[in-house]
Amino acid sequence: MDDTYYKPQDLPRFPEMGAAAPELWQKFNDWYRAVFAEGALGEREKALIALAVAHAVQCPYCIDAYSTASLEKGADLAQMTEAVHVAAAIRGGAALVHGVQMRAHVHGVAM
Amino acid sequence: VTNPVVPASTLRRRAHPLASASEQRARLDALPLRRSFGAAVAEAGAGPLRAGPPRVLQMNLGKLCNQTCRHCHVDAGPDRREVMSPAVVDACLALLERSPSITTIDLTGGAPELHPAFRDIVRRARALGRQIMDRCNLTVLELPRHHDLAAFLAEHRVEVVASLPHFAGLATDAQRGQGVFATSIEALRRLNRLGYGREGSNLVLTLVSNPTGAFLPGAQASIERDFRRELHRRWGVVFNRLHTITNMPISRFLEFLDERGHLAAYMERLLGAFNAATLEGLMCRDTLSVGWDGALYDCDFNQMLELPLAASVLDLGPGDAGAALAGRAVRVGPHCFGCTAGQGSSCGGAVAGGAQAR
């Protein structure tokens with residue numbers, strides 16, 4: 001298969017999502033901008049959280065966007081790598097903690 | 001992919017085509033940008049950019065440097081031998097003496113401290129009652145033959161404007177060379193011991209952070225907060241203020257953008273982030289830049305692209321520089337979008353506060 005579902009050139013087309021629902025798009029944009037503004041958390045911290053979440057939800061667009069954003073907000077590769085490890089640890093831990101459910105089931109059905 | 005720390009050398013040394021300013025201008029002019037810088041300024045209702053009386057005389061003492069940073073717009077390095085002659089130095093100081101509007105001397109390079117007359121220039125400019133800024137790469141302060149340089153700067157109340165792209169070593173060394181970060185921290189501690197960056201000492205330590213790649217600087221206030229916390233926590237280093245500076249698509253940063261295939265996208269990014277609120281505070285409005293050979297320019301970037309004013313410092317008339325040069329039209333090109341992107345960028349950092357137009 002030559003083509004892929006994800007294309008880098010599609011990221012700048014994101015605003016096309018406003019074409020058929022401009023009011024919802026506007027609300028999303030206003031909210032999104034407010035979320036990432038400097039607040040109790042700094043811009044760099046928010047960019048690193050977004051980068052980690054992008055890996056957890058495995059969104060290639062978000063990974064590109066928030067890799068650049070993290071650099072622009074002053075993070076370096078070491079911090080960004082640690083952020084990805086946080087996402088990976090939570091994903092890995094989330095799988096592993098379900099082992100308790102597995103064990104409870106086994107104890108229920110097995111002798 | 002981790003970018004390897006490339007032992008950079010100058011474009012000149014490698015006989016690279018981009019060692020030529022005209023080749024750089026041709027590359028920039030050939031980019032299919034949506035609009036020219038002049039058109040962007042006109043659309044903002046700011047007319048052609050004009051300079052006022054110079055407040056800052058920026059003396060580029062030459063291209064010699066002990067570092068070879070990946071992003072250097074000067075193409076400076078240890079192999080460069082162009083340094084300002086005594087005649088040009090004398091002409092600059094004479095210009096200073098007869099130009100009351102110029103309150104500050106901004107010494108840059110290369111590493112300006114490597115100029116043989118650096119200390120003499122500082123003493124003479126101080127005797128004329130001017131403020132002095134030294135654009136310092138920090139590692140020069142740790143060279144054995146310059147062991148007393150930091151104390152000299154303190155003695156003459158020179159503001160140290162020090163390059164440090166990041167508060168950690170990884171990104172800093174990738175841009176400035178292996179081991180530069182550790183030496184820079186030693187130099188900052190030395191400056192702190194002399195009183196630089198400390199309340200009440202009157203010794204000003206300004207940090208300059210520029211991006212370590214093909215992206216724009218973040219909000220200056222936010223970056224400064226992070227640097228202040230992290231440099232103190234990790235290294236016990238303090239400073240007075242931080243400036244963010246956008247990397248200019250000139251010389252080695254132009255080469256970097258070109259090599260990585262980012263040139264067109266970077267220029268589009270700068271253009272898309274054009275912020276008319278930066279125009280009033282652009283450094284070309286109140287800076288006069290002098291090259292090592294005495295040629296005059298609107299800024300250090302125009303100097304590297306060889307876009308000079310008509311007169312050289314050697315043949316400027318006998319009067320006040322303000323009278324001679326105020327009102328001149330600034331020479332602009334696509335690179336000027338670097339100074340107007342987002343919060344704007346100048347040798348004094350961001351030029352427009354508040355929200356960034358991204």
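Excluded from the calculations below are hydrogen atoms, water molecules and symmetry mates; all remaining heavy atoms, backbone and side chain alike, are included. These figures come from a predicted structure and were not determined experimentally. Naming convention: chains lettered A, B, ... in sequence-line order (proteins, then strands); numbering from 1 in each chain.
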> Which bit of A:Ala69 is near chain B, if near means a heavy-atom gap under 4.5 Å: side chain, backbone, both or neither?
Replying inline: neither
> When only pairs under 4.5 Å are counted, which of B:Arg225, B:His166, B:Glu230 shares the most heavy-atom pairs with chain A?
Replying inline: B:His166
> What about the rings of B:His73 and B:Phe301, do their centers lie closer together than 6.0 Å?
Replying inline: yes
> Think B:Arg228 forms a cation-pi with B:Phe239, using NZ or CZ under 6.0 Å from the six-ring centre and within 45 degrees of its axis?
Replying inline: yes
>> Can you tell me which portion of B:Phe227 sits under 4.5 Å from chain A's heavy atoms? Options are side chain, backbone, both or neither.
In response: neither
> Given the side-chain rings of A:Tyr66 and A:Phe36, with only the six-membered ring counted for Trp, is the space between their centroids under 6.0 Å?
Replying inline: yes
> Quick one: side chain to side chain donor-acceptor pair (under 3.5 Å) partners of B:Asp226, sequence neighbours excluded?
Replying inline: A:Arg44, B:Arg229
